[in-house]
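Encoded as structure tokens, the structure appears first; notes follow it.
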Amino acid sequence: QVQLVESGGGLVQAGGSLRLSCAASGRTFSTYAMGWFRQAPGKEREFIAAISRSGGNTKYADSVKGRFTISRDNAKNTVYLQMNSLKPEDTAVYYCAAARSVFGPTTQNAYDYWGQGTQVTASS
């Protein structure tokens, strides 16, 4: 069992930056690929970024490529999402998730554990 707790969300002006963190419980964090998803009001949850177990392989949605960076620190059992140049359309609840795989999947049903989410609001 893995428990995930996101933090770092908040209100920021368009063009600003935020860094989300997701802390995982347990001793097996490095055996999970990790991902970030988001869900805006009235929309389905969508893939944002994923990272492999080792951190050597990353994937991004086209909508955030070049602005967001996913990283992980296996010694701290934490995955991060650095978000730069935020836009109003980035406003959503952001979720981290863990998958029992080597590489980070891009589909929700491939993930085994989810956090409770953290709100990010980018105002225009």
Side-chain angles (χ1 to χ4, degrees):
Q1 188 78 4
V2 175
Q3 291 185 328
L4 304 172
V5 180
E6 302 97 335
S7 62
L11 174 64
V12 65
Q13 286 191 334
S17 297
L18 282 174
R19 187 176 82 153
L20 304 183
S21 299
C22 173
S25 64
R27 303 178 184 177
T28 60
F29 178 72
S30 62
T31 66
Y32 289 87
M34 300 297 294
W36 285 97
F37 290 76
R38 69 186 181 190
Q39 186 168 21
K43 295 188 177 181
E44 294 186 352
R45 190 157 55 184
E46 62 174 349
F47 168 78
I48 295 299
I51 190 166
S52 61
R53 291 178 184 175
S54 68
N57 180 276
T58 57
K59 303 172 187 175
Y60 296 94
D62 288 343
S63 60
V64 305
K65 201 171 292 183
R67 299 188 298 124
F68 291 10
T69 302
I70 188 171
S71 62
R72 66 188 296 162
D73 185 337
N74 286 345
K76 295 183 178 180
N77 283 12
T78 302
V79 62
Y80 305 97
L81 185 68
Q82 177 67 44
M83 305 185 295
N84 297 329
S85 302
L86 281 161
K87 305 175 182 179
E89 51 263 43
D90 294 318
T91 296
V93 177
Y94 283 69
Y95 299 88
C96 71
R100 295 189 189 96
S101 60
V102 175
F103 297 104
T106 60
T107 55
Q108 297 183 54
N109 58 10
Y111 286 84
D112 302 287
Y113 302 101
W114 292 82
Q116 82 290 348
T118 186
Q119 176 70 46
V120 171
T121 302
S123 63
S124 57

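Position 1 is the first residue of the sequence, and the numbers go up from there. The shown structure was predicted, so the numbers you read here are calculated from the model rather than taken from an experiment.
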- Task: Using the rule that two of Ile, Leu, Val, Met, Phe, Trp, Tyr join whenever any of their side-chain heavy atoms come within less than 4.5 Å, decide whether W114 and V93 are in one cluster.
- Result: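 Same cluster.
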- Message: According to a hydrophobic-cluster definition based on side-chain heavy atoms being under 4.5 Å apart (Ile, Leu, Val, Met, Phe, Trp, Tyr only), do W36 and M83 belong together?
- Response: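 Same cluster.
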- Scan residues 44-81 for pairs that pass ring pair (Phe, Tyr, Trp, His ring centres under 6.0 Å), counting only residues two or more places apart or in two chains.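 Sorted result for residues 44-81: F37-F47.
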- Query: Side chain of T118, backbone of Y94: donor and acceptor closer than 3.5 Å?
  - Reply: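 It does not hold such a pair.
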- Item | Polar side-chain atom of S25 near backbone of Q3 as donor-acceptor pair, under 3.5 Å |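 Present.
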Are [X] and [Y] close enough that some pair of their side-chain heavy atoms sits under 4.5 Å apart?
X	Y	answer
R67	D90	yes
E6	L20	no
Q108	Y95	no
L11	Q119	no

I need the [X] [atom1] to [Y] [atom2] distance, nearest 0.5 Å.
X	Y	atom1	atom2	result
T58	R72	OG1	CZ	12.0 Å
L81	T69	CG	OG1	8.0 Å
N57	S52	CG	OG	5.0 Å
K87	S124	NZ	OG	13.5 Å
N74	T28	CG	OG1	10.5 Å

Minimum heavy-atom distance between [X] and [Y], given as atom pair plus value:
X	Y	result
A24	L4	CB-CD2, 3.6 Å
A99	A110	CB-O, 3.5 Å
A92	R38	CB-CB, 3.8 Å
M34	F29	SD-CE1, 3.8 Å
S21	T78	CB-CG2, 4.2 Å
G104	Y111	C-OH, 3.8 Å

- Task: Only pairs at least two apart or in different chains count here, so list each disulfide (SG to SG under 2.5 Å) that has a residue in residues 19-116.
- Result: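 Pairs touching residues 19-116 that pass the test: C22-C96.
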- Message: Within a 6.0 Å radius of atom CD on E46, are there more than 12 heavy atoms belonging to other residues, nucleotides or ligands?
- Response: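 Above 12, so yes.
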Sequence neighbours left out, cut at 3.5 Å: what donor-acceptor pairs do the side chains of residues 12-19 make with other protein atoms?
| unit_1 | atom_1 | unit_2 | atom_2 | d |
| --- | --- | --- | --- | --- |
| S17 | OG | N84 | OD1 | 2.9 |

- Query: In chain order, what residues pass the salt bridge (Lys or Arg N to Asp or Glu O under 4.0 Å) check against D112, with sequence neighbours excluded?
  - Reply: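 Counting only residues at least two positions away or on another chain, D112 forms a salt bridge (Lys or Arg N to Asp or Glu O under 4.0 Å) with R100.
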- Item | By salt bridge (Lys or Arg N to Asp or Glu O under 4.0 Å) - contacts of K65 (at least two apart) |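 Salt bridge (Lys or Arg N to Asp or Glu O under 4.0 Å) list for K65, sorted by chain: D62.
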- Query: Who else is in F103's hydrophobic cluster (ILVMFWY, side-chain heavy atoms under 4.5 Å, direct or via others)?
  - Reply: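 For the cluster that includes F103, the remaining residues are V102.
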